[in-house]
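Read the structure below first, then the notes.
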Amino acid sequence: MNDAAPPAPVPLAVQPLTPEAFAPYGTVLAAPAGTGRPINGGNAERFDLVGDLQIGAQGGRPMLALFRAQARRFPHEVAEMERHALGSQTFLPLGERRFVIVVAPAGEAPAAGALAAFVTDGLQGVTLAPGTWHHALLAVDAGDFVVVERGGDAVDCDTCALEAPMIVNWRG
Ligand SMILES: NC(=O)N[C@@H](O)C(=O)O
Ligand code: NI
């Protein structure tokens, strides 16, 4: 009989999201400072944010979804991560809405020490690179998020249980 105590949760610090810190996991989406390219007769400005969404592999089709997320309670325990090996996954808030993204680099199932957590400024979005391990959306502020990902006939989502639960240490 295994009477060993379960592994103690490991604290995971949450850092502000920046493009540099997030580079190993994907890209940060944010309206650049300054003006965009004038379009529509000058009635709008265009900002091209990501021109190479990875959503076509193995017959993948673009999928745009709306996630109507409930606000999560923090500190939050993370015990499982997932990845979408064949495609990227983009999260963009509709309106000002923060979320926490917990990630680990693509590859082998992540060890506890390989995880990183970021909180957005409410306007930022992210595009996770294909295969990046992540926890499902952790909305800080409840509401709607646009999600763009690879759609396909088969579900592209592997999960892995962490060897020890992580506590996402953020108190807003
Ligand atoms: N389950 C689902 O559609 N969403 C996840 O992939 C996620 O990362 O939130
Ligand atoms: Ni996902």
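No experiment lies behind these values; they were computed from the predicted model shown. Every number for a ligand or one of its atoms is a count from 1 in the order of the listing.
Rounding to 10 degrees gives 90° for the angle at the Ni ion (ligand 2) between OE1 of Q89 and NE2 of H134.
For ligand 1, the polar-atom distance check against L137 finds a nitrogen or oxygen pair separated by under 3.5 Å. When only interatomic distances are considered, the shortest N/O to N/O separation between E149 and ligand 1 does not fall below 3.5 Å.
Between F99, F67, F91, it is F67 that holds the heavy atom closest to atom 2 (C) of ligand 1.
Note on ring orientation: taking the six-membered ring where Trp is involved, the planes of F22 and F118 are perpendicular (angle over 60°, cut-offs 30° and 60°).
The Ni ion (ligand 2) has an N, O or S atom of H84 under 2.8 Å away, backbone or side chain.
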What verdict does the side-chain hydrogen bond (donor to acceptor under 3.5 Å, both in side chains) test give for E82 and H134, after you've listed the backbone C-alpha separation in whole Å, the side-chain angles of each residue and the deciding distance to 0.1 Å?
CA-CA 5 Å; E82 67 174 40; H134 59 284; 2.9 Å; yes
Does F91 form a side-chain contact (heavy atoms from CB on, under 4.5 Å) with L128? I'd like the steps, not just the answer.
CA-CA 8 Å; F91 296 89; L128 298 170; 3.9 Å; yes
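For atom 9 (O) of ligand 1, a protein non-hydrogen atom is found at a distance below 4.0 Å.
Smallest separation of non-hydrogen atoms from F145 and A139: CE1-CB, 3.9 Å.
When side chains are defined from C-beta on, D48 counts as touching R37, because their heavy atoms get closer than 4.5 Å. Looking only at side-chain heavy atoms (C-beta outward), H76 and V78 come within less than 4.5 Å of each other.
A donor-acceptor pair under 3.5 Å links the side-chain atoms of R83 to the main chain of G107, judged by distance alone. Side-chain atoms of Q58 do not come within 3.5 Å of backbone N or O of L86 as any donor-acceptor pair.
Among heteroatoms of the N, O or S kind in E82, OE2 lies nearest the Ni ion (ligand 2).
Counting atoms of ligand 1 from 1 in the listed order, those under 4.0 Å from a heavy atom of H134 are 8 (O). Every atom of ligand 1 is numbered from 1 in the order shown, and the set under 4.0 Å from a heavy atom of A136 is 7 (C), 8 (O), 9 (O). Below 4.0 Å from some heavy atom of H84 lie the following atoms of ligand 1, by number and element: 6 (O).
Closest to atom 1 (N) of ligand 1, if we only count protein heavy atoms, is E82 OE1, 4.9 Å.
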